Amino acid sequence: MPNWPELCTIGTNGLLIRFGDQLSEPANRAALAFRAAVEREGWSGVEETSTSLVSAYLRVDPAFPDMDALEARTLALMASRDWFAEPLPEGRRLWRVPTVYGTDLAPQLEEAADVAGLSVAEAIATISGTQVRVQTIGFAPGQPYLGALPEAWNIPRQTALTDKVPIGALTVAIRQLTLFSVSTPTGWRHVGQTGFRAFRPDADDPFVLRPGDEVLFQETTPEQYHRYQDAGDPDGGAVAEQIA
Amino acid sequence: MTATLTVLQCGPGVTVQDQGRPGYLAYGLSRGGATDLLALAEGAALLGQSPELAAIEMAGMGGVFDVSEDVVIALTGALMKADCDGTALRWNASHMVPKGSRLTIGAAREGVYGYLHVAGGVDAANRLGARSAHLAAGIGKPVKAGDMLAIGSEAGSAQAGLKLDPDARLSGGMVRIVPSLQTASFASEELTRFEATGFKRDPRGNRMGVQMTPEGPGFESREGLSVLSEIIVPGDVQITGNGTPFVLMSECQTTGGYPRIGSVLACDMPKVAQAQPGTEIRFQFVSLEEGRDLVLRALREWAGLGKRCTPLVRDPHDIPDLLSYQLISGAIAGDET
């Protein structure tokens, strides 16, 4: 990958380190590893870091006196190793999240299966059977983007937005799943419903999932889903185990 | 006992705001905070207190309030009609609101976001390191009639009767931008046309983003809509599917895949925030170095606003009931120790 990574600026006090212009597993891993390295080194002037799908972002104190030196330091770190060969973050977990596919709880399963050229049974089998990884947290607090689904799921977003999906909605587009942490309009198709709250503003740990975590969206019944809801379980019956 | 500010009535867009909640971008939570950070700094300067304290942000319409103790307040941002028990209060100034009196703040005449600051700050619950409501994330709630807001006890040396002439920013005009992630994917003629175009602030706008409707056709990047989702920072000007720009505000989403044509300087964001629907905005590119310099200088000025506060001297001709004033209350008997 000769052209990557590249360094760009965003706003007057942001640096963006891109590891590609397409989503790929190595580029996603590289971005996570780069951000972790900057955090470990605790660079003066850097107030905050984050990642998106294949890029890392450094927010710099606007009063930091020497942006040139900071850019040079960033370039040196970029060149210091093969980021695409770096391992995934440590402390990763596998989550099994009970999910109702279809029914009036997730009304776009049939439509999504149709666009993907799958039967409804195949659609459920391919989504619930793929152990997907949290590629990034974004858009809304704690909200994970997960992938990659099999190639059949390389379907576009809808052109028109769905007015509102509920919290815990599992949605699909472009070989990715998103699990909504807030109730919001979206162009992604709503294929499953979980009782999992990815953002818990009053909890000690408000953001439950981390990039690198893996998830199985296991099929459950509406009855079981409602039991979790009635019990007020913010995990919606999900269980986690350490994998790395 | 903690002093409280009781809300008797208020508009629909009233929230508690401070400088926001930095540090959670990696978790998908944008910083949020006051839409007009300069107005927050002005209020802090008028009250001689930290700009980190929370104030009440009022979008378009204020409210009616009373206080449980004598409280010094300051009013900044969008110009709103204000009075205390019928006595008009000057905007961009600090005032004493005596216990039991009624503070009434009306609709915005110029600008969008008005701010009511209290000495000691609004002591709303601290959640994830800040007191500001972030409604898009479900943190906090709008202020509503019946709310009793605690006032912080660290009231320092707040002084009623100070005024500050604010930097003009309520009626749109030129907004400076630096190149951003996808600027280079717009043809140079598109960029030239972008700078030459007048935009009207659209009614579609809130704390997340503001649409700017061009007077001519929309704008198109060579990458179209195939941009992979990347970090968004407040000030980014994203070009949506139909070619219309949106300026992203403090409560924006943290990532997005629409091409960004540029990014508004932090020091010019108050101008974007305060433009009422229909107000004309124009964009002008500056280099990254110039942009950094302008932001730095503005931040230094904002930090030194206290030095620009001056006593509010009233012209006796403007005081209708002059003779009812106790004009010699400052006199002393001479035997005080």
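Lettering follows sequence order; numbering is per chain, from 1. Being a predicted model, the structure only gives us computed values, none of them experimental.
Ranking A:R59, A:E48, A:Q143 against chain B, the residue ahead of the rest is A:E48, based on heavy-atom pairs under 4.5 Å. For the set B:T255, B:I231, B:L29, B:I177, the count of heavy-atom pairs under 4.5 angstrom toward chain A peaks at B:I231. No other option in A:A140, A:C8, A:G14, A:S55 has as many heavy-atom pairs under 4.5 Å with chain B as A:A140. Ranked by non-hydrogen atom pairs under 4.5 Å with chain A, the options B:C252, B:G23, B:P179 are led by B:G23.
Across A:P62 and B:V295, no two heavy atoms sit closer than the pair CB-CG1, 4.3 Å.
Interface residue A:L16: only side-chain heavy atoms are found under 4.5 Å from chain B. For B:R297, no part lies under 4.5 angstrom from a heavy atom of chain A. The contact between B:R292 and chain A is made by backbone and side chain atoms together, counting heavy-atom distances below 4.5 Å. Interface remark: B:L299 contributes side-chain atoms only to the contact with chain A (heavy atom separation under 4.5 Å). Proximity to chain A is absent for every atom of B:A266, based on heavy atoms less than 4.5 angstrom apart. For A:E47, no part lies near chain B; criterion is any non-hydrogen pair under 4.5 Å. At a 4.5 Å heavy-atom cutoff, the contact between A:T9 and chain B is made by backbone and side-chain atoms alike. Looking at B:E290, there are no atoms closer than 4.5 Å to chain A (heavy atoms on both sides), in backbone or side chain. For B:S263, the part lying near chain A is the side chain, with the backbone staying farther off; criterion is any non-hydrogen pair under 4.5 Å. B:L181 touches chain A through backbone and side chain together, each having a heavy atom under 4.5 Å away.
Within a 6.0 Å sphere centred on CD of A:E25, other residues, nucleotides and ligands contribute more than 12 heavy atoms. A 6.0 Å sphere centred on CD of A:E6 holds more than 12 heavy atoms belonging to other residues, nucleotides or ligands. The environment of CD in A:E90 is sparse: at most 12 heavy-atom neighbours from other residues, nucleotides or ligands sit within 6.0 Å. Atom CG of A:D163 is surrounded by 12 or fewer heavy atoms from other residues, nucleotides or ligands within 6.0 Å.
Under the side-chain contact (heavy atoms from CB on, under 4.5 Å) test applied with A:T12, the options B:L294, B:V286, B:L265 reduce to a single match, B:L265.
Rounding to the nearest 0.5 Å places CG of B:L296 at 12.5 Å from CZ of A:F64. To the nearest 0.5 Å, the span separating OG on B:S229 from CZ on A:F139 amounts to 9.5 Å. To the nearest 0.5 angstrom, B:E230 atom CD is 9.5 Å from A:D21 atom CG. Annotation: the span from B:Y27 atom OH to A:S50 atom OG amounts to 11.0 Å, rounded to 0.5 Å. Rounding to the nearest 0.5 Å places CG of B:L288 at 7.0 Å from CE of A:M67.
B:R260 is listed as a side-chain neighbour of A:I10, based on a closest heavy-atom distance under 4.5 Å.
Listed in order of number, the residues of residues 173-207 of chain A that approach chain B to under 4.5 Å between heavy atoms are A:V182, A:F199, A:P201, A:D202, A:P206, A:F207.
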